[in-house]
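Contents: one structure, followed by commentary.
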Amino acid sequence: MSLSDHIDKNRLPEHIAIIMDGNGRWAQLHGEMRIFGHQNGVSAVRATTEACAELGVRFLTLYAFSTENWARPQHEVDALMELLVETIRKEMGTLVENRIRLRAIGNISSLPAKCQRELAEAIHDTHHHKGLTLILALNYSSRWELTEVMKKLALNVQDGLLSVSDITETTIAEALDTSDYPDPELMIRTSGEQRLSNYLLWQLAYAELYFTPVLWPDFDKEDLYQAIVDFQKRERRFGKTSEQVKVI
Ligand code: FPP
């Protein structure tokens, strides 16, 4: 019996965001180098992506590399970039088979050229897919994204294209990297850490947060189902009272 049987397919979160944490600790537990954890994290990426596609979740955003991750030892950064290129190449079959559309958010133009090329090609080759949209957050951080938005809007005001009184939540949301996607309703972080770590701070304003002690390489389809079952038990009030949201 799978936990997926307990999921109400009519009340799925439309967009799930994940912080894939714990690769380094997983590797350490297995007496291996950190990169071994990242390599094994790829199977969890595949399982989670497939499970979302099978269920009918529309958007999945994965925090694959933060702007802060550049501070890691150079050999780990290089290995992560290499793994990214390799994974995109190897997983094209999974993307095609499941009709998954690949997208990316973050400061992509500062990634190594090889990474940018591989990513651009995969995004292009999957742009017509109508299934799950898989969004990789790469060289991403919320503060970077929000700073870029502020610069963009300030320039528009300076150039007379926008007046300050026209700046609304919608104007800001439309200037974010995530403007094409609805806000995530569920945010999952693995490895027991309970932080947002500069991830989608604007977009997660009303998201349900789910923390699991499972280390990312061990995260499988059943762990995802468990998070969705938990999500469906919660009452989402958006500032209203419990009585108000119960009125149909
Ligand atoms: C966090 O664990 C994980 C990362 C910074 C990298 C995630 C990358 C992958 C799962 C591989 C490739 C992904 C894609 C989408 C192609 P950590 O290293 O911070 O773990 P620790 O906290 O235990 O040290």
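Every number for a ligand or one of its atoms is a count from 1 in the order of the listing.
The ring pair (Phe, Tyr, Trp, His ring centres under 6.0 Å) check on F211 picks up nothing, with sequence neighbours excluded. By the side-chain contact (heavy atoms from CB on, under 4.5 Å) test, S165 pairs with S163, sequence neighbours left out.
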Distance dump, ligand 1 polar atoms to protein, N/O, under 3.5 Å:
unit_1: ligand 1; atom_1: 2 (O); unit_2: G22; atom_2: N; d: 3.4
unit_1: ligand 1; atom_1: 2 (O); unit_2: N23; atom_2: N; d: 3.4
unit_1: ligand 1; atom_1: 18 (O); unit_2: R34; atom_2: NH2; d: 2.8
unit_1: ligand 1; atom_1: 18 (O); unit_2: R72; atom_2: NH1; d: 2.9
unit_1: ligand 1; atom_1: 19 (O); unit_2: D21; atom_2: OD1; d: 3.4
unit_1: ligand 1; atom_1: 19 (O); unit_2: R72; atom_2: NH2; d: 2.8
unit_1: ligand 1; atom_1: 20 (O); unit_2: G22; atom_2: N; d: 3.3
unit_1: ligand 1; atom_1: 20 (O); unit_2: N23; atom_2: N; d: 3.1
unit_1: ligand 1; atom_1: 20 (O); unit_2: G24; atom_2: N; d: 3.0
unit_1: ligand 1; atom_1: 22 (O); unit_2: D21; atom_2: OD1; d: 3.1
unit_1: ligand 1; atom_1: 22 (O); unit_2: R25; atom_2: NH2; d: 2.9
unit_1: ligand 1; atom_1: 23 (O); unit_2: G24; atom_2: N; d: 3.3
unit_1: ligand 1; atom_1: 23 (O); unit_2: R25; atom_2: N; d: 2.7
unit_1: ligand 1; atom_1: 23 (O); unit_2: R25; atom_2: NE; d: 2.8
unit_1: ligand 1; atom_1: 24 (O); unit_2: R34; atom_2: NH1; d: 3.0
unit_1: ligand 1; atom_1: 24 (O); unit_2: R34; atom_2: NH2; d: 3.1

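Residue pairs meeting the side-chain hydrogen bond (donor to acceptor under 3.5 Å, both in side chains) criterion with at least one partner in residues 117-128, sequence neighbours excluded, are R89-E118.
Looking at W216 and T48, their side chains come closer than 4.5 Å, going by heavy atoms from C-beta outward.
For E235, the CD atom counts as densely surrounded, since its 6.0 Å shell holds more than 12 non-hydrogen atoms of other residues, nucleotides or ligands.
Screening I19, I18, I16, T61 against M187 for a side chain to side chain contact (heavy atoms under 4.5 Å, CB included) leaves a single residue, I19.
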